[in-house]
2 protein chains.
Amino acid sequence: MIDATHDPALRSWVASAQAAGTDFPIQNLPFASFRRQGTAEPYRGGVAIGDQVLDLAALQRSGTLQGLAATAAAAAAQPQLNTLMAMGPAAWSALRQALSGGLRAGAPQQSAWQACLVPQAEAEYGLPARIGDYTDFYTSVHHATNIGRQFRPDNPLLPNYKWVPIGYHGRASSIGVSGQRFRRPVGQTLAPGAAAPRLGPCQRLDIELELGVFIGTGNALGEPIAMEEAEDHVFGLCLLNDWSARDIQGWEYQPLGPFLSKNFATTVSPWIVTLQALAPYRVAFERPAGDPQPLPYLDSAHNRAAGAFDIQLAVELQSATMRAAGQAPAPIVQTSYRHAYWTVAQMVAHHTVNGCNLQSGDLFGSGTLSGPTLDQAGALIELTSGGTQPVRLPNGEVRTWLQDGDSVVLRGWCARPGAARIGFGRCEGTVLASAVAA
Amino acid sequence: MIDATHDPALRSWVASAQAAGTDFPIQNLPFASFRRQGTAEPYRGGVAIGDQVLDLAALQRSGTLQGLAATAAAAAAQPQLNTLMAMGPAAWSALRQALSGGLRAGAPQQSAWQACLVPQAEAEYGLPARIGDYTDFYTSVHHATNIGRQFRPDNPLLPNYKWVPIGYHGRASSIGVSGQRFRRPVGQTLAPGAAAPRLGPCQRLDIELELGVFIGTGNALGEPIAMEEAEDHVFGLCLLNDWSARDIQGWEYQPLGPFLSKNFATTVSPWIVTLQALAPYRVAFERPAGDPQPLPYLDSAHNRAAGAFDIQLAVELQSATMRAAGQAPAPIVQTSYRHAYWTVAQMVAHHTVNGCNLQSGDLFGSGTLSGPTLDQAGALIELTSGGTQPVRLPNGEVRTWLQDGDSVVLRGWCARPGAARIGFGRCEGTVLASAVAA
């Protein structure tokens, strides 16, 4: 619901919240888990405002919040946000209203709140939640078609795709927050024509541009969540990079799906943008003409009218050479989440229709968010047509697959006339050399 | 390593530990998380001895343990065993030695220990560990071949099977302990020849007879566990039923693997039998003549000589009618874990070769443990040849797939001349009616 907290005219007493192009104006108010860099302070919840983090533990101690907002801030003062997530929409909304009120220009308690600010430049971030289970979906029909075409040129999209929001379980233990550095995975691959596989470092290391969905309130085993209530169970969205080893994947994935090709690392942004903040960027969920309508358990009037989100997404790449030369990460892809074939609510309803229980802090990945054209591809396997069409970087380097030392930065933001631009910050990860020689 | 704790002549002052056919003689000493039924007592670790549970929290308070064994018992006094699991083999061994010493006939502190016993008949069990991630493997070549034959009669086994210990990620949130009762899952299925899928209760509900593997000590991200160290990271084994909805699975599993067909419930036994207890039941890991030898990262001299375990496994079924008539569950399958194509150590080494991090309390499933002949099949889909050859129960009822009210009991035990028989107890789960009508 759009309310006064979304008013584009709203201004904060934190000056940087008005900076051109900031991801974090007062209309956003995303959540993270943070502490001061290089300290042994406990992690606690924080909210981004301009170039600052509002420390929710300090704010709670300040005694300037009352009622449900104070209870929610106390929950958010914990090292991870699971307790806040479990409180549900009324608590999230009360906290958002209080934060919007306290941070706006002219707010009476500015000096007490000022003391709760920590510059983002001095912060380090933890995982925003204890993630019990991580599920990765496959909601881009363009990605599914592009990938399918490489395996089955005449029949790229499987018959279930337009009926089933395909998903599979991922690995929670190897999810890291932006800044994650991981070794190039080692695994079995079968060279074309070879009689036997060999073990070695991945040669086709890829990214997957995704959004993450953090579950707020869960459900009991055996009690599905209906479409009409699905969004009430969602706390917010983040950026997610589902690093993928395509050569390992090709050899291992039959018949039970990807495993070691995915579970060596997954990187999320520190900031979770709430569904409330995204309200001005809802768009209709539309099926292309001729496509089947979703089964009733995946359909609702609200979903049809406004179940999708128009979130702009971009991928940037910085090689080790670029970094050494002080060159910023270079954009290689831009697309939008609006092209997804299944919505957030449909993921929740599908995941629970069989009785599966979700828990506060569970994470969904959207699956690679490729748009309709190849320059909107969310993975190198598509962007480079299976490694045959290299991408050129500004300094003349080329990439088909990731090289050691490469950093990949995901970005996301929403912008339209009549609404404040809001963003997701950065989701960055860096590939280190493998532990073994090729 | 076989030591004095395995001596078949060893007797306990707990008389029921000598009862014929007991799963829990003094040579076993498996761990669970328990409390007295119907109380609000905290769960804590316990060890089975005969028909009793030795309460490790009470034992720790008794002050009768010293040194590392006392530290390990203090860890095991927590509601779940993760801390004990994280302590590693030296601590597990010290605790086993102390328990074996204190429970054996003639032990000096019998009266203090006697006060720490709770009858199993008065106990209820929790999940033995907080399970961060659950991975299900596919280690029975017989199961893989039987299932593959139903889909690809001419080419049942995929080319990767004899090289890759196939696995995929499962759902941790819906794992329950023996006694779990769950609703028949609802999901999308596509009837043969139908143009569109429909939503409804699963019509082909199945079991999967598996062993579970609880990880003890984990590894850091990026640091694989070598075969030679793999078993040091394993705390013990339990029974596991990976309930499966075959009709939902058939429609959803391409291309990313099983999802809603599996994640509605998974049942484990309360008791974890340690690798130490299983030492007398090690057998050689042998590949059939002509099969490829494992790649070096999946091979070790110890694994070849003694990497497999000869654990007898059985499935029993009790229908609602049988239960009402006071008839015990009837055996429908018996097999052995020795037929598995990949060992516990190989699962650990493979899972981490890409750098994936395991954590204390993580759970692996072995995959359905079917033996070489169809009467050794660990799933109804094999036992009934895809639902075409019904199984007859003693009261005349027949089953192709599970019906509402059916309880399935898994059992496991080890027995051979010159060693004490040890067992896993029961792993029981019951199917309730679906939340929606067919």
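Here is how names work: the chains are called A, B, and so on, in the same order as the sequence lines, proteins then strands, and each is numbered from 1. Since the structure is predicted, the reported quantities are computational estimates derived from the model, not experimental observations.
Interface residue Leu158(B): only side-chain heavy atoms are found under 4.5 Å from chain A. In this structure, chain A has a heavy atom under 4.5 Å from the side chain of Asp362(B), while its backbone stays farther away. Of the atoms belonging to Ile248(B), not a single heavy atom falls under 4.5 Å from chain A. For Gln180(B), the part lying under 4.5 angstrom from a heavy atom of chain A is the side chain only. Residue Pro255(B) touches chain A through both its backbone and its side chain, counting heavy-atom pairs closer than 4.5 Å. Using a 4.5 Å cut-off between heavy atoms, Leu199(B) contacts chain A through both its backbone and its side chain. Heavy-atom distances place both the backbone and the side chain of Phe264(B) under 4.5 Å from chain A. Leu295(B) touches chain A through its side chain: at least one heavy atom from C-beta onward sits under 4.5 Å away, while N, CA, C and O do not. Residue Ala245(B) does not touch chain A at all, counting heavy-atom pairs closer than 4.5 Å.
Every residue meeting the side chain to side chain contact (heavy atoms under 4.5 Å, CB included) condition with Glu228(B), not counting sequence neighbours, appears here in chain and number order: Ala226(B), Ser300(B). Every residue meeting the ring pair (Phe, Tyr, Trp, His ring centres under 6.0 Å) condition with His143(B), not counting sequence neighbours, appears here in chain and number order: Tyr138(B). With sequence neighbours excluded, the residues forming a ring pair (Phe, Tyr, Trp, His ring centres under 6.0 Å) with Phe364(B) are Phe137(B), His351(B), listed by chain and number.
Counting heavy-atom pairs closer than 4.5 Å to chain B, the top-ranked of the candidates Thr135(A), Leu358(A), Thr352(A), Asp133(A) is Asp133(A). When each of Glu252(A), His350(A), Lys262(A) is scored by its heavy-atom pairs under 4.5 Å with chain B, the top score falls to His350(A). Taking chain A as the reference chain and counting heavy-atom pairs below 4.5 Å, the highest number among Pro296(B), Gly218(B), Pro159(B) is found for Pro159(B). Ranked by heavy-atom pairs under 4.5 Å with chain B, the list Cys356(A), Ala172(A), Ser173(A) is led by Ser173(A). For the options Pro197(A), Gly222(A), Ser174(A), Gly355(A), heavy-atom pairs under 4.5 Å to chain B are most numerous at Pro197(A). Between chain B and the residues Leu221(A), Leu260(A), Asp136(A), Ile166(A), the largest count of heavy-atom pairs under 4.5 Å involves Leu260(A). Note on Gly257(B), Ala265(B), Ala144(B), Gly176(B): by heavy-atom pairs under 4.5 Å with chain A, the leading option is Gly257(B). Interface summary for chain A: among Ser261(B), Gly148(B), Cys202(B), Pro258(B), the most heavy-atom pairs under 4.5 angstrom belong to Pro258(B). Per-residue heavy-atom pair counts under 4.5 Å with chain A were compared for Ile131(B), Val164(B), Asn263(B), Val353(B), and the maximum is reached by Asn263(B).
With rounding to the nearest 0.5 Å, the separation of CZ in Arg130(A) from CZ in Arg130(B) is 8.0 Å.
A donor-acceptor pair under 3.5 Å links the side-chain atoms of Asn160(B) to the main chain of Gln254(A), judged by distance alone.
A side chain to side chain contact (heavy atoms under 4.5 Å, CB included) with His169(B) is found for exactly one of Phe259(A), Tyr134(A), Tyr168(A), namely Phe259(A).
Taking all atoms of both residues into account, the shortest heavy-atom contact from Trp163(A) to Ala196(B) is CH2-CB, 3.6 Å. The heavy-atom pair separating Arg171(A) from Asn357(B) by the smallest distance is NH2-O, 3.0 Å.
Residues of residues 182-191 of chain B lying under 4.5 angstrom from chain A, judged on non-hydrogen atoms, are Arg183(B), Pro185(B), Val186(B), Gln188(B) in numerical order.
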